[in-house]
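Each ligand, and each atom within it, is numbered from 1 in the order the structure gives. For the numbers below, each heavy atom of this structure counts, side chains included, while hydrogens, waters and symmetry mates do not. Just so it is clear, the model here is predicted, and its values are computed rather than measured.
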Amino acid sequence: MNFDEARAQFPILEHTAYLNAGSMGPLARATVEAMVEQERSDLRGRGMQPYYEQMRSLRGTVRAGIARTIGVPPENVALTSSTTEGCNIVAAGLRLRPDDEIVTSDTEHFGLLGALNASGAQVRVARVRGIPAERALESILAEVTPKTRLIALSHISWQTGNALPVEEIQEATDVPILVDGAQSVGAVAVEAARFDFYTASGQKWLCGPDATGGLYVRDPESLHVASPTFFSQDGYDDDGTFTPKAGAARFDGGWIPPASLAGLDAALGTVPHWAAHHAAELAARCWTRLADRFQVVTAPGQATLVSFVPEGDPAAVSARLGEQGIVIRDMPGTDWVRVSCGWWTSDGDVDRLLDAL
Ligand SMILES: Cc1ncc(COP(=O)(O)O)c(C=O)c1O
């Protein structure tokens, strides 16, 4: 599949410079068609044996697809509705106590932070915003103490667009690490197997339907099933005691609509082999062109998000660009806007952005 063919999969790109996959990825025609086809099949009847069989088979296909995308075995992937759900599964499953500590950073999304806070442990926040990206490692490790039970960080900051040093941290400590992959899975090449836990959002860079995602768990038996669902068990007693499913399937969230499963499966099939390479090159070119004219927040050579300080109020700038068919987003609580470059993004999209700015 060449670039023009890959891009033509997304109808929105015919008229819009869509640069906001960090919030939600563009939908491919094939993705929506798969969802519609599944809904049509549901019209003919739900709740019969073939329907359940197909649903179970789709769950297996999607689990395998997510696993392939992040380089891990399917048995270690749970199906979730979001990165937020994945973070909650981990933070609650560790059964932390008030004198335990979790280390995180000051550039995290509430999808991670809320789960850490609800765990009941103390949350220590390392400063990484406003310091050079190469000093983040030192700053995060300085918060680790003998009481640290989890280090929880995003792979790519949703605010600054900078990569956090998750590999170096994993090498430097024995503390379990949870990586929030909302801004990395589907954006950059991910090898999650080295981490203890790694989340994925389906609706962002994987261009999947809403409320889809996955969670990698390296050692499923060592994590408590804090929010069991029907899909978690292979048998249970009258009092709810249950035999957990083998592997990470025991952490599966509840029912996922078959149309969403079919859509995510189709979305995973739209990704060309050169996706990560193209997205990185495009983001680098976008960074250089923005840096010629604006103060760019993102350090050079990061991932696929570029945050910068526009002229004028960020919310007004993103609204004005939106009216011209250029979709970016402003970052709440900052004077920044954020541009997302995906494997479908063209230099023409970036031209339109720069012209409109
Ligand atoms: C870094 C990060 N973590 C978590 C989330 C929440 O993702 P989800 O909606 O899949 O829970 C986001 C959403 O933007 C994000 O950027």
Visitor: Could you establish whether Q203 and ligand 1 come within less than 4.0 Å of each other, counting only heavy atoms on the residue side?
Guide: yes

Visitor: How about S184 and Y198: does a side-chain donor come under 3.5 Å of a side-chain acceptor?
Guide: yes

Visitor: So, 4.0 Å and heavy atoms of E108: is ligand 1 close enough to count as a contact?
Guide: no

Visitor: Counting each atom of ligand 1 from 1 as listed, which ones have a heavy atom of T84 under 4.0 Å away?
Guide: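 Under 4.0 Å from T84, ligand 1 has these atoms: 6 (C), 8 (P), 11 (O).
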
Visitor: Give the numbers and elements of all ligand 1 atoms closer than 4.0 Å to a heavy atom of S201.
Guide: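 Those of ligand 1 that fall under 4.0 Å from S201 are 7 (O), 8 (P), 10 (O).
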
Visitor: According to the salt bridge (Lys or Arg N to Asp or Glu O under 4.0 Å) rule, which pairs have a member within residues 181-195, sequence neighbours left out?
Guide: E171-R194

Visitor: When you measure from atom 16 (O) of ligand 1 to every protein heavy atom, which one gives the shortest distance, and what is it?
Guide: Q183 NE2, 2.8 Å

Visitor: Under 3.5 Å, side chain of T288 to main-chain N/O of A284, donor-acceptor pair present?
Guide: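 Yes; at least one donor-acceptor contact below 3.5 Å.
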
Visitor: Quick check: does any side chain N or O of S232 sit under 3.5 Å from a backbone N or O of R250, one acting as donor and the other as acceptor?
Guide: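 Answer holds: yes.
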
Visitor: Do L164 and V144 sit in one hydrophobic cluster, given that two such residues count as connected whenever their side-chain heavy atoms are within less than 4.5 Å of each other, even indirectly?
Guide: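 They do share one cluster, since a chain of ILVMFWY contacts under 4.5 Å joins L164 to V144.
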
Visitor: So, 4.0 Å and heavy atoms of D180: is ligand 1 close enough to count as a contact?
Guide: yes

Visitor: Would you mind running through ligand 1 and noting each atom that sits below 4.0 Å from a heavy atom of K204?
Guide: 7 (O), 12 (C), 13 (C), 14 (O)

Visitor: Might you work through the ring pair (Phe, Tyr, Trp, His ring centres under 6.0 Å) test for W343 and H278, ending with a clear yes or no?
Guide: CA-CA 5 Å; W343 51 263; H278 176 91; 8.6 Å; no

Visitor: List every atom of ligand 1 that sits less than 4.0 Å from any heavy atom of S82, numbering the atoms from 1 in the order shown and giving each element.
Guide: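 Counting atoms of ligand 1 from 1, those under 4.0 Å from S82 are 8 (P), 10 (O), 11 (O).
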
Visitor: For ligand 1, does A182 get within less than 4.0 Å through its side chain, its backbone, both, or neither, judged by non-hydrogen atoms?
Guide: side chain

Visitor: Within ligand 1, which atoms have a heavy atom of W158 less than 4.0 Å away?
Guide: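 With W158 as reference, the close atoms of ligand 1 come out as 1 (C), 16 (O).
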
Visitor: Got an N/O contact under 3.5 Å between E85 and ligand 1?
Guide: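 No: no nitrogen or oxygen of E85 is under 3.5 Å from one in ligand 1.
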
Visitor: Does anything in residues 58-82 form a salt bridge (Lys or Arg N to Asp or Glu O under 4.0 Å)? List the pairs, not counting sequence neighbours.
Guide: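 For residues 58-82: R59-D252, R63-D252.
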
Visitor: Tell me whether L290 shares a hydrophobic cluster with I326, the cluster being built from Ile, Leu, Val, Met, Phe, Trp, Tyr side chains joined at under 4.5 Å.
Guide: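 As far as the 4.5 Å side-chain criterion goes, I326 and L290 are connected within one cluster.
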
Visitor: Quick one: nearest non-hydrogen protein atom to atom 5 (C) of ligand 1, plus distance?
Guide: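 For atom 5 (C) of ligand 1, the nearest protein heavy atom comes out as H109 ND1, 3.4 Å.
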
